Amino acid sequence: MAETVGGTLKSIRKKMGYLSARSFYMALEGRADLVFNYSYYMKIEGGQIAPSDKVINQLAVLLPQADGDELVAAYCRELFPKQMDRIISPNAAVRPVSRATGKNSIKGFQQELTERQVSKVGRTRDHYFLFLLLTLARAPLTRAQIEAYGFVDLGTALQDLQDVKLLMEEGGAFSATFPEFVFPKAGTESIKKIYALLDVYDQERAAFFKLEKVKRGSFFKRISPRQSDILLAHLELLFQTIRSADEVDVSYNTEVISFNVNLHKGPVKG
């Protein structure tokens with residue numbers, strides 16, 4: 001009989017050397033801001049609750065890659081037992097689970113940053129670009145790989161982001177604690193100031209990561225209200241196209257783009 005999600009998680013926990021569920025949960029909590037509490041975790045192990053996609057996504061990211069893939073496969077098997085039995089059968093070659101940004105994940109789930117985390121990300125340019133680098137990385141990066149980008153004070157940035165559980169270190173390599181983060185709305189003056197600073201850093205982003213300039217344009221001209229509406233509609237379609245990159249087979253997402261748009265309109269005398 002196929003292993004359940006709870007049974008798979010319990011087996012992984014014991015294999016990793018955690019005899020009690022509490023010690024395992026505390027180890028996970030020490031690495032990331034978990035989206036579930038200990039009581040919820042115990043219900044997963046006990047088979048009393050079907051975990052949400054978001055919980056499985058975070059658990060998979062925090063586990064070693066092979067174990068994360070095993071957990072995701074068990075989760076998918078519970079959701080689609082007949083289909084998964086055809087995909088993963090004793091006579092079939094086991095294929096690795098496709099995962100966003102190369103990490104164990106199901107796709108498309110975002111973890112909102114806390115105000116404390118935002119303040120750390122915006123502390124310096126190094127902090128911000130390190131955060132971007134690790135959230136985009138499709139596999140853990142060694143310190144040498146990170147240093148190649150020319151960070152000024154990498155040690156401080158690594159420690160600060162680790163302190164607020166945005167990155168984790170395992171086997172000498174660093175990775176983000178969640179596949180994708182989202183910044184909160186600018187609800188306070190302090191966050192507004194940080195976002196203004198990040199806007200400045202964004203202008204340096206392409207040069208810092210040594211990205212090739214493929215297109216550039218600048219316009220300051222009169223257009224009709226109808227043309228303005230058409231332009232906005234095309235921009236929205238363009239934004240949707242960029243966002244849809246996470247909705248296809250993400251193994252094809254081998255390039256990074258740096259894309260900034262600032263469109264202003266209004267009357268000018270004359």
Side-chain angles (χ1 to χ4, degrees), residues 3-76 78-79 97 99-121 127 130-132 134-140 158-171 173-185 191 246:
E3 191 77 80
T4 64
V5 170
T8 299
L9 190 55
K10 188 174 183 179
S11 296
I12 291 171
R13 166 173 65 80
K14 291 183 176 181
K15 183 175 67 174
M16 292 178 66
Y18 294 95
L19 300 181
S20 72
R22 182 170 291 279
S23 63
F24 182 57
Y25 178 84
M26 290 177 68
L28 295 175
E29 190 177 36
R31 298 170 70 187
D33 284 330
L34 300 179
V35 296
F36 55 93
N37 58 28
Y38 176 67
S39 175
Y40 188 95
Y41 174 84
M42 285 301 297
K43 289 179 179 178
I44 298 174
E45 267 205 14
Q48 299 170 287
I49 192 171
S52 68
D53 296 349
K54 192 171 185 178
V55 168
I56 291 295
N57 205 43
Q58 187 175 45
L59 279 170
V61 170
L62 294 173
L63 294 173
Q65 181 170 314
D67 295 327
D69 285 347
E70 183 182 353
L71 182 64
V72 171
Y75 176 75
C76 293
E78 284 197 356
L79 290 179
V97 178
R99 46 193 181 275
T101 61
K103 305 178 180 76
N104 306 306
S105 73
I106 299 170
K107 80 172 182 180
F109 292 97
Q110 299 175 323
Q111 175 78 359
E112 184 171 292
L113 296 171
T114 65
E115 186 166 350
R116 181 166 176 257
Q117 288 173 329
V118 171
S119 68
K120 288 292 186 182
V121 168
H127 287 70
L130 176 61
F131 170 75
L132 294 180
L134 292 178
T135 52
L136 282 175
R138 298 182 296 161
L158 284 169
Q159 187 59 58
D160 283 349
L161 296 188
Q162 198 163 6
D163 287 345
V164 292
K165 302 178 182 179
L166 289 177
L167 69 84
M168 56 188 178
E169 180 183 6
E170 188 171 358
F174 300 88
S175 59
T177 57
F178 206 75
E180 186 175 357
F181 290 97
V182 60
F183 284 87
K185 293 181 179 179
I191 289 186
D246 292 330

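When reading the values below, keep in mind they use all heavy atoms of this one structure, side chains included, and skip hydrogens, waters and symmetry mates. If you're wondering where the values come from, they're calculated on a predicted model, not measured in any experiment.
Residues satisfying the side chain to side chain contact (heavy atoms under 4.5 Å, CB included) test with K14, not counting sequence neighbours, are K10. Under the side chain to side chain contact (heavy atoms under 4.5 Å, CB included) criterion, S23 pairs with Y18, S20, not counting sequence neighbours.
To the nearest 0.5 Å, atom CZ of residue F181 and atom CD of residue E112 are 11.5 Å apart. To the nearest 0.5 angstrom, I12 atom CD1 is 4.5 Å from D67 atom CG. In this structure, CG in L9 is found 9.5 Å from OG1 in T4, a value given to the nearest 0.5 Å. Expressed to the nearest 0.5 Å, how far CG of L166 lies from OG of S175 amounts to 11.5 Å. Here L161 contributes atom CG and M168 contributes atom CE; the two are 13.5 Å apart, rounded to the nearest 0.5 Å.
Side-chain contact between E169 and L158: absent, with no pair of heavy atoms (C-beta onward) separated by less than 4.5 Å. Two residues are said to be in side-chain contact when any heavy atoms from C-beta on lie closer than 4.5 Å; L59 and L28 meet this criterion. Contact check for L34 versus Y41: no side-chain heavy atoms found under the 4.5 Å cut-off.
More than 12 heavy atoms of other shown residues, nucleotides or ligands fall within 6.0 angstrom of atom NZ in K165. Atom CE of M26 has 12 or fewer neighbouring heavy atoms from other residues, nucleotides or ligands inside a 6.0 Å radius.
The side-chain contact (heavy atoms from CB on, under 4.5 Å) with H127 is formed by just one residue from the set L132, V121, D160; it is D160.
Contacts classified as salt bridge (Lys or Arg N to Asp or Glu O under 4.0 Å) and involving residues 16-28 (residues at least two apart or in different chains) are not found.
Donor-acceptor pairing under 3.5 Å is recorded for the side chains of Q117 and D33.
F36 and Y40 have tilted rings, their planes meeting at an angle from 30° to 60° on a 0 to 90° scale.
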Open item on the list: One pair to check against side chain to side chain contact (heavy atoms under 4.5 Å, CB included): F183 and I191. What are the steps and the verdict?
Closed with: CA-CA 10 Å; F183 284 87; I191 289 186; over 6 Å; no
TODO: In sequence, state the C-alpha distance, the side-chain angles, and the governing distance for L130 and F174, and then conclude on side chain to side chain contact (heavy atoms under 4.5 Å, CB included).
DONE: CA-CA 10 Å; L130 176 61; F174 300 88; over 6 Å; no
- [ ] Please assess Q111 against E180 for the test side chain to side chain contact (heavy atoms under 4.5 Å, CB included), listing each intermediate value before the final yes or no.
- [x] CA-CA 6 Å; Q111 175 78 359; E180 186 175 357; over 6 Å; no
TODO: Dump the intermediate steps for side chain to side chain contact (heavy atoms under 4.5 Å, CB included) on S11 and K15, then the final yes or no.
DONE: CA-CA 6 Å; S11 296; K15 183 175 67 174; over 6 Å; no
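The minimum heavy-atom distance linking V35 with Q58 is given by the pair N-OE1, 2.9 Å. Annotation for P184 and V118: closest pair CD-CG2, 3.7 Å, computed over non-hydrogen atoms. Taking each heavy atom of P51 and V5 in turn, the nearest pair found is CG-CG1, 4.0 Å. The shortest heavy-atom contact between S119 and R116 is OG-O, 2.6 Å. Residue E3 comes nearest to T8 through the heavy atom pair CG-OG1, 3.0 Å, listed as atom of the first residue, atom of the second, then distance. Residue V72 comes nearest to A60 through the heavy atom pair CG2-CB, 3.7 Å, listed as atom of the first residue, atom of the second, then distance.
Here the side chain of E45 pairs no donor or acceptor atom with the backbone of A21 at under 3.5 angstrom. Formation of a donor-acceptor pair under 3.5 Å by the R13 side chain with backbone atoms of F24 is not found in this model.
Comment: R31 engages E170 in a salt bridge, judged by a side-chain N to carboxylate O separation of less than 4.0 angstrom. Under 4.0 Å is where a charged nitrogen must lie from a carboxylate oxygen, and between D163 and K120 no such pair does.
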